[in-house]
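Only one structure is covered here, and it is reproduced in the block below.
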There are 2 protein chains.
Amino acid sequence: MTSKKPTIDDVARRSGVARVTVSRVLNGGPNVRDEVRAKVMQAVAALDYKVNPQARTLAGGASRLLALLFASDLEAEPNSFYQSALELGALRGCVALGYQLLTHHIPEQSADRIRQIVDVIATQRCDGLILTPPFSDDVDLISEILRLKCKVVAISAGGAGRALVDSIGIDDEKGGYDIARHLLALGHRRFALIAGIAGHLSADQRHDGLMRALAETGLGAEAVVWKRGDFTFRSGVELASGLFDDPLGPTALICANDDMAAGALSAAHARGIVVPEQLSITGFDDTPVSAIVWPPLTTVHQPLKIMGERAVRRLVHSLTNGGAGADEPLGRFERLDHRVVVRGSTSAV
Amino acid sequence: MTSKKPTIDDVARRSGVARVTVSRVLNGGPNVRDEVRAKVMQAVAALDYKVNPQARTLAGGASRLLALLFASDLEAEPNSFYQSALELGALRGCVALGYQLLTHHIPEQSADRIRQIVDVIATQRCDGLILTPPFSDDVDLISEILRLKCKVVAISAGGAGRALVDSIGIDDEKGGYDIARHLLALGHRRFALIAGIAGHLSADQRHDGLMRALAETGLGAEAVVWKRGDFTFRSGVELASGLFDDPLGPTALICANDDMAAGALSAAHARGIVVPEQLSITGFDDTPVSAIVWPPLTTVHQPLKIMGERAVRRLVHSLTNGGAGADEPLGRFERLDHRVVVRGSTSAV
DNA sequence: CGCTTCTATGGAAGCGCTTCCAATTCCCTT
DNA sequence: AAGGGAATTGGAAGCGCTTCCATAGAAGCG
């Protein structure tokens, strides 16, 4: 049928140069005359030649493979939209830069999560890792990965992660502050908060922001009751249900992500509580979930796709620039803009 | 720091056999004495040796790389839960079988979708492809892929795809029939249908099933008004909005997937139409969306994760069994069970 | 104008693994 | 007990690419 795929030698032969020269052209190496470069490129086009990534890896040592790690059980429902958005962004970056992306879901609570992740690095030979919360702040995990000389970029790392590796995220404290300001402006004074899991530092920062906003308005810790959820719809349902009994309960419920807000909304519906008239609810992330539910959620937009793409670019950058040891300031945090998106789930008290 | 990674030669040396023998053990080859096999395995464990997949690919010709293809624009919101479920299942299968999975999103309408996909095969050198609708029925595309000698398994292929390649799916016609029977039993007689895009054959089969159920009850085409959506929440909102004006309009709205049903539900809320009292709405797929909205959707459960995993297994099977030409009946369809999940969005008329 | 210093190119040596084929050993046959 | 086939093992040859080092010219310099 179709003849064998062309190799670098075919290109070399056709353009009348040595194999190394073709390799140089392909890798943008220096010291190649424009004339020769053009001749090679032409042969590449004519033969529809594509480098064999496996051969390149074997010879060159770099696999051009990146892994995106999520903390979720394969069996459980994933925090799907959040993850998809990051993945899509990362994929976009990989396609643009000629890298490949592997996605892995690791049960977060498992004691051997570190072993599993190290295994991914060892088995798949990927040379860069993108960590998502709460792995982004898992100091033990990160140290172990760095020990293996694997490059890392963390998404939404809190203080712990930021100190160790490059990271990308929004100003979560400010995000929490902003959403609180929105509710305070609407006249709310009694709040409930469904926070994230312990160890998810960026979500805790949103909590801090909320408290700062309250303090500015002269309110203290007594103005808010809070619990920790696990970011799933289900936990939103369960935790919200406990809030509806007190007649002097909160008038506004702030959730650490959209899924839990959707769950809270569902619980409210089930109890006949009208949102937002009787209770305002807010989410976080601005995933499609916030637009799908009724009423649509007021939430904080987080540029997840861009975060995914930036993560890849940062990783590739540090991979190709040899990460010149000292001059590469490890642990740089890149802040992206967020914004409050007001929809129908909040109203004046 | 850590010494170089151990190679197959290290294992060979440590266990006192030749490199080939280690290779045989690693690949489950025949003709190795149990005693030798054990000795090698022990050395592997002692050295914490992992095969280098790139080297294996280069030498062996098989990349052990599978690609999962989705038809969606990177910029548009993905049909996230549907895709995530398939991906998760496929990932599970890959991990179990020692393969790697690459996910790609190709804009479906783009004229050069075939070129893009062929490029994926050529550039990434993956040796198996998992197609999702509507690629599953894209005869031109499939023919081209087969011409490249790349193995394919299609998810939810309709007649066109099933004839060409191995495929996995539920009995969509029966799914449509079942959901219609559910509504008919509740007394509904006037229906609306938000169908899928043209060319998405499995979704069309659900339409056929609906018509069959209606016919059995003595109803004809006049009992249902229908339109085509594109499976997005947005299209559900838009298409449903047009249905609410006629006082003698449908009492039940059947949607070809959950996202469009959620959109329709949202549109109903916006118009003050109470679901299910004034209008019953059904979805399809049983993605988490169906549980997140209010009222939760009656829908048809499709075992997406299992479908993803089975797709990988089928692919790997045909890859490793050399696909012995004749005896391998190409185009085998594997049917998985579906079931109607009754939730709050449907009630008696 | 002879000498060093670049700049452009090519030769050779593998990267770690598998496949092909030859060599050895073993176990049955007759 | 000798011959034959099957079961085991190893040697050698790459897979397609990059890296290291050597080789020419071209260019710079006193």
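What's counted below: heavy atoms across the whole structure, side chains too, no hydrogens, waters or symmetry copies.
- For B:Lys5 and C:dC15, the NZ to P distance is 15 Å, given to the nearest whole Å.
- In this structure, A:Arg64 places its CZ atom 13 Å from P of D:dC17, rounding to the nearest Å.
- Heavy-atom distances to DNA chain D give each of A:Arg56 and B:Val17 a nearest nucleotide, and the one nearer the 5′ end belongs to B:Val17.
- The base of D:dT18 is paired with the side chain of A:Arg19 by a donor and an acceptor separated by under 3.5 Å.
- Looking only at side-chain heavy atoms (C-beta outward), A:Leu68 and A:Leu102 stay at 4.5 Å or farther from each other.
- Nearer to the 5' terminus of DNA chain C, by closest-nucleotide assignment, is the contact made by A:Pro30 (compared with the other of B:Asp9 and A:Pro30).
- Between B:Asp34 atom CG and D:dT9 atom P there is a gap of 10 Å when expressed in whole angstrom units.
- Counting only heavy atoms from C-beta on, A:Leu58 has its side chain closest to C:dC15 among C:dC15, C:dC17, C:dT9.
- Across its full length, the helix from C:dC1-D:dG30 to C:dT30-D:dA1 shows an angle of 30° between the axes of its 5 terminal pairs at either end, rounded to 10 degrees.
- Distance from the side chain of B:Val20 is smallest for D:dG11 among the nucleotides D:dG11, D:dG16, D:dC15.
- Here the side chains of B:Leu26 and B:Val44 are in contact, with some heavy-atom distance below 4.5 Å.
- The distance from atom CG of A:Asn31 to atom P of D:dA22 is 17 Å, rounded to the nearest whole Å.
- Going from atom CD of B:Glu35 over to atom P of C:dT25 covers 16 Å, rounded to whole Å.
- Taking a 6.0 Å sphere around CG of A:Leu97, one finds it holds more than 12 heavy atoms contributed by other residues, nucleotides or ligands.
- For the pair A:Asn52 and D:dG16, the criterion of a side-chain N or O lying under 4.0 Å from OP1 or OP2 is not met.
- Residues B:His104 and B:Gln116 bring no donor and acceptor atom of their side chains to less than 3.5 Å of each other.
- Side-chain N/O atoms of A:Arg125 and base N/O atoms of C:dG16 include no donor-acceptor pair closer than 3.5 Å.
- Between A:Thr21 and C:dT9, a side-chain N or O to OP1/OP2 separation shorter than 4.0 Å is absent.
- The separation between B:Arg37 atom CZ and D:dT8 atom P is 9 Å, rounded to whole Å.
- Per the geometry, CZ belonging to B:Arg33 stands 12 Å off P belonging to C:dT25, to the nearest Å.
- The CD1 atom of A:Ile130 sits 6.0 Å away from atom CG of A:Leu101, with the distance rounded to the nearest 0.5 Å.
- The shortest distance between side-chain heavy atoms of B:Tyr99 and B:Val316 falls below 4.5 Å.
- Screening B:Lys151, B:Arg313, B:Arg314 for a salt bridge (charged side-chain N to carboxylate O under 4.0 Å, His left out) with B:Asp166, the sole residue that qualifies is B:Arg314.
- In this structure, the side chains of A:Ser167 and A:Ile155 stay at 4.5 Å or more apart for every pair of heavy atoms.
- OP1 or OP2 of D:dT18 lies within a sub-4.0 Å distance of a side-chain N or O belonging to A:Asn27.
- Contact between the side-chain N/O atoms of B:Ser23 and the OP1/OP2 oxygens of C:dC17 is not found at any separation under 4.0 Å.
- Distance CD1 (B:Ile8) to P (D:dA12): 17 Å, rounded to an integer number of Å.
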